[in-house]
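Working notes for the structure below.
Side chains are part of it too, since the values below use all heavy atoms of this structure and drop only hydrogens, waters and symmetry mates.
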Amino acid sequence: MANYQDLDLAVHSRSVTPVSTVGSEERCSLSSTHHSSTSTNSSSYGRRSRNQSESSLSLLESDNEVEDEQQPFNDNVADSGEEEGRYEQEQAPNDQPADEQGAGQDEERGRQQEEQEDDGQQEVGERENEEHADGHAGRNRQPSHRKLREAMQGGFLNDIDVPLGASRNDILYMALSFAMRNNANNSAFCNLINLINNLFVSPVLPASQYLLDSLLVSDVGVHYYFYCKKCFKSFGELNYKNIKFRDCDICQTQNHISDLRLATFFVVFDLPVQLEIIFQNPETADALCTPAEAIRRSRPGFLSDIYDGSVYREFNASVAHLEERILTMHISVDGSPIASSSSASIWPILGEIHELPPNVRMKNLLLCGLWFGKSHAKMDLFLQPFVCKMRNLSQGFQLQVGPNISDARLYCTGCCVDSGARGSVQGIKTHGGFFSCSWCKIRGCYIDRAVRYPLSNIRPEDRTHAELVELQLALIDGRAARGENAEQMSEGEEEEQQEENIDDPNGPQNVDMFGINSVSPLINMPQFSMVNGFFVESMHCVDMGVVKAQISLWLEEAGKQYYIKGSLEELNRRILALQPPLEFRRMPRTLKECLNFKAREYNNFLWYSYIILKGILPQRYLNTWLLLIQAIFLLSQAEVSLQHINTANTLIINYLASVQMEYGENHMTYNLHILRHLPDHVRRWGPLWASCAYVFEDGNGHLKNLIHTVQCVPHQIVRHWSWDLARNLLHPVVSDKARNYASSIVKPKHHNKISFVTGSCRLVGSPLLINLSEEELFLCEENQQPVENIQLFEKLIYKNCAYVIEKKKCARTCNSVAQLHDKSVVLIRKICYDRDNDRVFLFVSDLNWEPILNLPDGVQMSRDDHCLREIQFVHEELRFIKCTDLKIICFRTKQPHCDLLSVIPNVQNRH
């Protein structure tokens, strides 16, 4: 396989016959015939004039469409056929004057009446009906593709003499962008390349799949690790092209190696190859910073990103003496089934660079490894090669960032996994076992044949990195008290042991091991903490965990005071009446489909749940639910203060105590327990959005879309991954026209009609008529704003948030309520643009509101920090504000039972 550096050599090795030249660049003219037959038949085709081609194109753009309505009998009908000919012979000639035609028709009508009286009225009447039917059918039948037929007669199919305005790099870049945007498989991409080549006299791109793979698919940085399909013994990295079979020396099973369709293997990718191509983009290279620079950007007393957390700051202090460029990242390991009808799944290792801004790093994920199979990934087997490569990268490597080449070091400092996979990655019991918490030594209780974690007045002891590593090493050395050596207890054996000890509150559990049941490969990863390095991941813990379980509890526990399924129709009516902001991405669905909700839908439910539950769920249960909403809101803001963390911690403890008292200890699940660790997690890693798994779920979804068949799944992903790297490699050298095309096919729909761009503001749609009131004119004069050349718009996009003027008619979404930097909440009346001064300003009205949540005793919180608010009234007076005063969009719903407002936290960073 050729490397990407062979791109120009591979392309230019093809013989290309130039037809026309534009300026000093080589150009090729398009031909309407195949390149293989053009050389022998080109002399037989005459080139028509350019004016004739332009006249044919003008025919395509004309608006004289043929209507399906009936025309008068004297209209000229251009149809062909025997019926049409007979009809035209029986009608008056169309070239006669209208008066003469009318007179002729009167004479014909009189003659027919005389013939009817002489020869019999019935026979003549039948003949008239037949003639009328034939003429009517001939007149209504229209030829298909009329415009195309006219264009063909006008020379539309002649040779094109318009010069080509793109280079080979541009064509290949746009073809790759098109294929990746539409998730095209290899066959479809080859067909697209062949189509492009057939437009030219001779091929301009590699014409076979082999040449395309040599150009775009590289084996550099891709390593294949094989293992036994029966006992999972590792065979290490093998060159599958030279080895056909490998026998396992443990179970004597013969394993395929060369035939990748039957082989069992996983793939590990080199990260320097991906980093080099990512940082070749000038915008990404300019956005990269050092750990010290990232920390200096932070606001004292606030946490706004990962680099504000204690883990990152401690890491920066430990590497401050190093001269190399330091990069850090956190990874995610999560399984995703490739289809609902298949048991096979993929387990990718995805990485996210910390030293890039959030909006940049979330678009440039690193693919570190890939496991595929019908069984769960064996983490000790899968992670071991990745850890070895990370150890090498932490020692230093050469990295090119833009035009500069320097020494660099890469460290993995965090791991984002759900509770089901965290146990096997960390080396402790899963969430269904005793001592399964990753951050403390709490021992679960068996209640109703399940492990539960009731709240106690004594805070459990926290785990430490040194102790956890020591216990895992003790497991290897056989120093554990129960003498299990290094053998891991299976899930079935653990369940049997738990069943035997239901009646014994203590049971023969080995407290000295505190849930340690295996050795994690991550203990050998430099600068990685086996406790603080694992995220309390909010997507699985809160959205898919607590919120999902709470909805099920309300709808399934019949006979309880909190049972609300009897009011399901009213709940669904309220949900369908909601007008969420565009940033919700997914419109609210009724609770009948709650089991099929996506994680983002559960997250959205958190912010509008009070609106639909008010008056249906008993107030004391609703007040408990409000405590969780407010706590998650405080921890998910764009900037989280230390006061916010302390307040959220108190609210979570009050919420857990209320749940245990109102719902019972049997509902104190593992997800409810790890809510207690959320505030500490924010102290370590910054706001919840900075470390959530939504970006990795999007990455998993993207990888799944690349799979078109269950055969050779890793090869399909590797091919598209290599295409993506090749496209990034081409990005700096292609023209602006090619870049604009690539961006136009991936932008969201609401970005396609942007009229003006000024700074970070984008005005969407066509300008409206100017209609300023006397009050608005006075405000303009007061703020020294000229009114001579002002345009009005309906939508404004500012810092990835869409702001829309208030609409009188009922709409499905509402983006007209916003919170300003001064904490006030306003209703957007008009969005104005001054073209002369390139300035955007708005007319707004203030909303008067009161907080809904009654804080528990001893909890103090600013009035402006409340998430849920009840609107009292809207001020009639207008305010003049700049677009830079806008901070965040709000969710307002006005229903017969209430007019409520919900402030959506950190909506700019929603994925």
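Judged by distance alone, the side chain of D305 and the main-chain N or O of P358 form no donor-acceptor pair under 3.5 Å. The closest donor-acceptor contact from the side chain of N281 to the backbone of E283 lies under 3.5 Å. Counting only distance, with no hydrogens or angles, the side chain of R246 and the backbone of I243 share no donor-acceptor pair below 3.5 Å. N197 places a side-chain N or O within 3.5 Å of a backbone atom of L205 that can act as its donor or acceptor partner. Formation of a donor-acceptor pair under 3.5 Å by the T253 side chain with backbone atoms of C228 is not found in this model. A distance-only check finds a donor-acceptor pair linking the side chain of N705 to the backbone of G701 [under 3.5 Å]. The backbone N or O of P337 lies less than 3.5 Å from a partner atom in the side chain of K704, making a donor-acceptor pair. Judged purely by atom type and a 3.5 angstrom limit, R181 uses its side chain to pair as donor or acceptor with the backbone of I745. No side-chain donor-acceptor contact under 3.5 Å links S332 to the backbone of F696. When atom types are taken as modelled, the side chain of H720 and the backbone of A184 share a donor-acceptor pair closer than 3.5 angstrom.
Looking at every heavy atom in both residues, V718 comes nearest to V267 through CG2-CG1, 4.5 Å. Of all heavy-atom pairs spanning R422 and F534, the tightest one is CG-CD2, 4.0 Å. Across L381 and F266, no two heavy atoms sit closer than the pair O-CZ, 3.4 Å. Scanning both residues, V333 and A421, for their nearest heavy atoms gives O-CB, 4.1 Å. Contact record, C416 with S691: SG-O, 3.7 Å, taken as the closest heavy-atom pair. Of all non-hydrogen atoms in V451 and G444, the two that sit nearest each other are CG1-CA, 3.8 Å.
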Could you walk me through whether V417 and F535 satisfy the side chain to side chain contact (heavy atoms under 4.5 Å, CB included) test, starting with their C-alpha distance in whole Å, then the side-chain angles of each, then the deciding distance to 0.1 Å, before giving a yes or no? CA-CA 7 Å; V417 288; F535 294 172; over 6 Å; no
CA sep, side-chain torsions, deciding dist, call: L703, L367, side chain to side chain contact (heavy atoms under 4.5 Å, CB included): CA-CA 10 Å; L703 293 179; L367 181 58; 4.2 Å; yes
Test side chain to side chain contact (heavy atoms under 4.5 Å, CB included) applied to M544 and D418, step by step: CA-CA 10 Å; M544 294 291 291; D418 62 359; over 6 Å; no
I278 and L366: side chain to side chain contact (heavy atoms under 4.5 Å, CB included), yes or no, with the steps? CA-CA 9 Å; I278 288 175; L366 301 174; 3.6 Å; yes
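Separation of atoms CG (L675) and CD1 (I632) is listed at 6.0 Å; rounding is to 0.5 Å. One finds the CD1 atom of I904 at 9.5 Å from the CD atom of E583 (value rounded to the nearest 0.5 Å). With rounding to the nearest 0.5 Å, the separation of CZ in F386 from CD1 in I331 is 4.0 Å. A distance of 11.0 Å separates CG in L238 from OG in S258, rounded to the nearest 0.5 Å. The structure places CZ of R589 at 11.0 Å from CD1 of I575, a figure rounded to the nearest 0.5 Å. The CG atom of L260 sits 11.5 Å away from atom CD of Q711, with the distance rounded to the nearest 0.5 Å.
The side-chain heavy atoms of N700 and P348, taken from C-beta on, include a pair separated by under 4.5 Å. With contacts defined as side-chain heavy-atom distances shorter than 4.5 Å, the pair D247/N255 does not qualify. Using a 4.5 Å heavy-atom cutoff, the side chains of L327 and L275 are in contact. Between L393 and P272, the closest side-chain pair of non-hydrogen atoms falls below 4.5 Å. Between C541 and H677, every side-chain heavy-atom pair lies at or beyond the 4.5 Å cut-off. Here the side chains of E537 and V542 are not in contact, with every heavy-atom distance at 4.5 Å or above. Contact check for T669 versus L672: side-chain heavy atoms found under the 4.5 Å cut-off. At least one side-chain heavy atom of K598 sits under 4.5 Å from a side-chain heavy atom of R586.
A salt bridge between D259 and K244 is absent, with no side-chain N of the basic residue lying under 4.0 Å from a carboxylate O of the acidic one. A salt bridge links D270 with K389: the closest approach of a Lys/Arg side-chain nitrogen to an acidic carboxylate oxygen falls below 4.0 angstrom.
Checked against ring pair (Phe, Tyr, Trp, His ring centres under 6.0 Å), F372 has no partners two or more places apart in sequence or in another chain. The ring pair (Phe, Tyr, Trp, His ring centres under 6.0 Å) search around H540 returns none, not counting sequence neighbours. Under the side chain to side chain donor-acceptor pair (under 3.5 Å) criterion, W439 pairs with no residue at all, not counting sequence neighbours. Applying the ring pair (Phe, Tyr, Trp, His ring centres under 6.0 Å) test to F397 and every residue at least two apart in sequence or in another chain returns nothing.
Atom NE2 of H708 is surrounded by more than 12 heavy atoms from other residues, nucleotides or ligands within 6.0 Å. In the displayed structure, Y240 atom OH is contacted under 6.0 Å by more than 12 heavy atoms of other residues, nucleotides or ligands. Dense packing is recorded around CD of E593, with more than 12 heavy atoms of other residues, nucleotides or ligands lying under 6.0 Å away. For R812, the CZ atom is densely surrounded, since the number of other residues' heavy atoms within 6.0 Å is greater than 12.
Geometrically, R600 engages Y694 in a cation-pi contact defined by less than 6.0 Å to the ring centre and at most 45° from the axis. Within the cation-pi definition used here (under 6.0 Å to the ring centroid, within 45° of the axis), K378 qualifies as a partner of F232.
Aromatic ring centres of W347 and F382: separated by at least 6.0 Å. Note: H223 and F269 fail the aromatic proximity criterion, with ring centroids not under 6.0 Å apart.
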Determine all donor-acceptor pairs shorter than 3.5 Å in which one atom belongs to a side chain in residues 187-194; sequence neighbours excluded.
| residue | atom | partner | partner atom | Å |
| --- | --- | --- | --- | --- |
| N191 | ND2 | S187 | O | 3.3 |
| N194 | ND2 | C190 | O | 3.3 |

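Side chains of W554 and S552: no donor on one and acceptor on the other come within 3.5 Å. Under 3.5 Å, the side chains of S436 and H431 contain no donor-acceptor pair of N or O atoms. In summary, the side chains of H330 and T413 do not present any donor paired with an acceptor at a separation below 3.5 Å, with no hydrogens or angles considered. Neither side chain, S520 nor Q426, offers a donor N or O lying under 3.5 Å from an acceptor on the other.
In this pair, Y608 and F605 present their aromatic rings perpendicular. The plane angle is above 60°, beyond the 30 to 60° band. The aromatic rings of Y670 and H673 sit tilted, their planes meeting at an angle between 30° and 60°.
Applying the salt bridge (charged side-chain N to carboxylate O under 4.0 Å, His left out) test to every pair with at least one member in residues 346-360, sequence neighbours left out, gives these pairs: E352-R361.
Only one option out of W371, Y225, Y224, Y227 pairs with F265 in a ring-ring contact (aromatic ring centres under 6.0 Å, His included); it is Y224.
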